[in-house]
Amino acid sequence: MINYDGRRFRPAEPEAEGRTAVYRQEGDLLWGTFSGGRARHGTLAGVCAPDGTLDFAYSMVLEDGEIVCGRCHSEPELREDGGVDLREEWERYGGHAAVGVSYLREIK
């Protein structure tokens, strides 16, 4: 099992500098915070499967005060340097409803 406790991630796109997420883990319980880009503050909570796959819900407050929530399924890929990259399939609800795929890269 991958232990995500204390790992930091950012979107893989070069223009995503300054956007970060910090994950915490205890057993299969996963939680974290994120900010940057349009997100003033966000939180996530979910579970980690034995293979390192993550399933979680998230909510965030955008810079204009709007609140967005959704869910995400992330699959890890281990890098040669020991870092983890995540492929995220996400879905947002409400006025910002959307689906998509994004990629996170661990920051060392």
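All values derive from a computational prediction rather than experimental measurement.
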Just verifying a value: how many Å separate [X] [atom1] and [Y] [atom2], rounded to the nearest 0.5 Å?
{"X": "Arg10", "Y": "Ile107", "atom1": "CZ", "atom2": "CD1", "result": "6.0 Å"}
{"X": "Thr33", "Y": "Tyr58", "atom1": "OG1", "atom2": "OH", "result": "16.0 Å"}
{"X": "Arg7", "Y": "Lys108", "atom1": "CZ", "atom2": "NZ", "result": "6.0 Å"}
{"X": "Gln25", "Y": "Leu54", "atom1": "CD", "atom2": "CG", "result": "7.5 Å"}
{"X": "Met60", "Y": "His41", "atom1": "CE", "atom2": "NE2", "result": "12.0 Å"}

Any idea which heavy atoms bring [X] and [Y] closest together, and the distance?
{"X": "Gly52", "Y": "Tyr4", "answer": "O-OH, 2.6 Å"}
{"X": "Ser59", "Y": "Phe34", "answer": "O-CZ, 3.9 Å"}
{"X": "Leu86", "Y": "Pro76", "answer": "CD2-CA, 3.7 Å"}

- Could you state whether Leu62 and Trp90 fall into the same hydrophobic cluster, counting links through intermediate Ile, Leu, Val, Met, Phe, Trp or Tyr residues with side-chain heavy atoms under 4.5 angstrom apart? yes

Please answer: with hydrophobic residues joined when any side-chain heavy atoms are less than 4.5 Å apart, are Leu44 and Leu29 in the same cluster? no

With the side chain counted from C-beta on, respond yes when [X] and [Y] share a heavy-atom pair under 4.5 Å apart, and no when they do not.
{"X": "Val47", "Y": "Leu30", "value": "no"}
{"X": "Glu66", "Y": "Arg38", "value": "no"}
{"X": "Ser74", "Y": "Thr53", "value": "no"}
{"X": "Pro11", "Y": "Leu104", "value": "yes"}

Next on the checklist: So that I can tick it off, tell me whether Glu75 and Arg87 are bridged by a salt bridge, with the cut-off set at under 4.0 angstrom between side-chain N and carboxylate O.
Outcome noted: no

**Ionic contact status for Arg79 with Asp85, cut-off 4.0 Å** =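 So Asp85 pairs with Arg79 through a salt bridge.
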
Using 30° and 60° as the class boundaries, would you call the ring planes of Tyr23 and Phe56 parallel, tilted or perpendicular? perpendicular

task = Have a look at Arg71 and tell me which of Glu91, Glu89, Glu88 forms a salt bridge (charged side-chain N to carboxylate O under 4.0 Å, His left out) with it.
result =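 Passing option: Glu91.
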
